[in-house]
Number of protein chains: 2
Amino acid sequence: MSTVLEPRMSKGEATRERILEIAEAAVLAKGFGATSIEEVIAEAGLTKSGFFYHFRDKNALAREMLRRYVATNDQLFDDIFTRGRELSDDPLQAFLISLKLLAETMADLPSGHPGCLIASICYQERLFDREIRDLTAQSVRDWNARFRAILDGIASVYSPREPVDLDDVADMLSCIVDGAIIMSKTLNDPSRLERQILIFRSCIKLMFAPN
Amino acid sequence: MSTVLEPRMSKGEATRERILEIAEAAVLAKGFGATSIEEVIAEAGLTKSGFFYHFRDKNALAREMLRRYVATNDQLFDDIFTRGRELSDDPLQAFLISLKLLAETMADLPSGHPGCLIASICYQERLFDREIRDLTAQSVRDWNARFRAILDGIASVYSPREPVDLDDVADMLSCIVDGAIIMSKTLNDPSRLERQILIFRSCIKLMFAPN
DNA sequence: CCAGAACTGTACTCATGGTACGGTTTCTCC
DNA sequence: GGAGAAACCGTACCATGAGTACAGTTCTGG
């Protein structure tokens, strides 16, 4: 999940990016409330004045962090699901391929998934203003809608074996991923995430694949 | 999730219980790091000295909170899965019944599920000592093993339609629940949790139910 | 080379977490 | 009903971190 520092980035932008990167890692490891600005700037190698030059306050940092996280994830989903559609014209096959790609991507993370910012924020909701909470909610809704659209495409070709609400099935992917990230981290076993995505994939097959 | 204060509880125990209850709600709402002892004691109606009489430090509070949370959940699972077995001799049917009971239990929570302490701790791991992290890991392992045992019982009667790893299926329940709690909280829609458990139930049916 | 961007340094305020410890009330049990 | 223990209270104190203010310095791109 680390972002490459683009070569054509101004010095200020590069610093901002560095701060956000460090802050995100810290927040995912100990929570926003327990992440001090002082430790962030220590690791980033700048002073408190430097920090407040880039961000008004801690909340602004949280906002930018979240925006960055959502954008990165959106991009990832775009890539993976576009690639799936490229590799198969059948909507079900395309989705199954994409899920495998997603599982592989997660398995390839060097030291496991660092964590989901949305989940982190969710468990510290009182610390954030309405704008941030709205942003997390909207992101989740967007991802669910994206998955729902894919399922609609599948359901227009294959009819599900069991009566299932497609909205719930769409939600399920986010739930599985978030839950599996927690289990991976708690048990210190990164493979759990990959395996859960593949089990979800099996469930999709069971739901839609004819016989 | 609120525990009834037993009548035969000494005054000290009652206070401890009250502190733990208040602290748990606060931790689930804003995280451990951002939960101040001062606000806890203010709500509990005692002084800082009183607090430290019961708990050496904040870490001791976390330990007791976690123990209490795990015990409560263990009890809940015991009740629900025992009841399922009482209502059907068929292991698959018993599990499906239990899942429905679980979904109902979650739907009956007055203002939605307050949150999973394990997940909260997971996203603030650096704040806790090894003992607490080991306790969270062991709890998750225990729950997974419990579900796995149930699945073994089912698999001894019904053979799964798709080749699935039963360990992964067992993990899936915890993942779904944890993920759905996060989605419920983020979208401020308690019904999400119930629906996700029911979708998982559908997946179990699809996996094992003949035809 | 110069204007503005990107910082540094210092010097504060204020709130809060956490510690230490002696004193006081309240319970409990003989 | 009295003694001793359990369950607290009061107060004083330190360390840390958020945030402000602002003047001065260095860097950087055109």
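Just so we're on the same page: letters track the sequence lines, and every chain starts at 1.
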Within this structure, what is the CZ-to-P distance between Phe52(A) and dT20(D), rounded to whole angstrom? 7 Å
To the nearest angstrom, how far is Lys58(B) atom NZ from dA15(D) atom P? 20 Å
Rounded to whole Å, the CD-C1' distance (Glu39(B) to dG18(C)) equals 15 Å
Rounding to an integer number of Å, can you tell me how far Glu17(B) CD sits from dA7(D) P? 14 Å
What are the two closest non-hydrogen atoms of Lys48(B) and Ile41(B), and how far apart are they? N-CD1, 3.5 Å
Main chain of Pro114(B), side chain of Lys185(B): is a donor-acceptor contact present, judged purely on distance under 3.5 Å? yes
Expressed as a whole number of angstroms, how long is the span from Ile41(B):CD1 to dG18(C):P? 11 Å
Within 45 degrees of the ring normal and closer than 6.0 Å to the centroid, is that where the cationic atom of Arg201(B) sits relative to Phe95(B)? no
I'd like to know if Arg146(A) and Asp78(A) make a salt bridge, using a cut-off of under 4.0 Å between side-chain N and carboxylate O. yes
Lys/Arg N to Asp/Glu carboxylate O, Asp129(A) vs Arg133(A), below 4.0 Å: no
What nitrogen or oxygen pairs link the protein and nucleotides 8-10 of chain D at under 3.5 Å?
| unit_1 | atom_1 | unit_2 | atom_2 | d |
| --- | --- | --- | --- | --- |
| dC8(D) | OP2 | Thr15(B) | OG1 | 2.8 |
| dC8(D) | OP2 | His54(B) | NE2 | 3.0 |
| dC9(D) | OP2 | Thr47(B) | N | 2.7 |
| dC9(D) | OP2 | Thr47(B) | OG1 | 2.8 |
| dG10(D) | N7 | Ser49(B) | OG | 3.0 |
| dG10(D) | O6 | Ser49(B) | OG | 2.1 |

Output the single nucleotide from dG18(C), dG19(D), dG17(D) whose closest atom is nearest the side chain of Glu38(A). dG17(D)
If only atom types and distance count, is the side chain of Ser88(B) paired as donor or acceptor with the main-chain N or O of Arg85(B) below 3.5 Å? no
In whole angstroms, how far is the P atom of dA18(D) from the CZ atom of Arg56(A)? 17 Å
Would you mind reading off the distance between Asp57(B) atom CG and dT16(C) atom C1', rounded to a whole angstrom? 17 Å
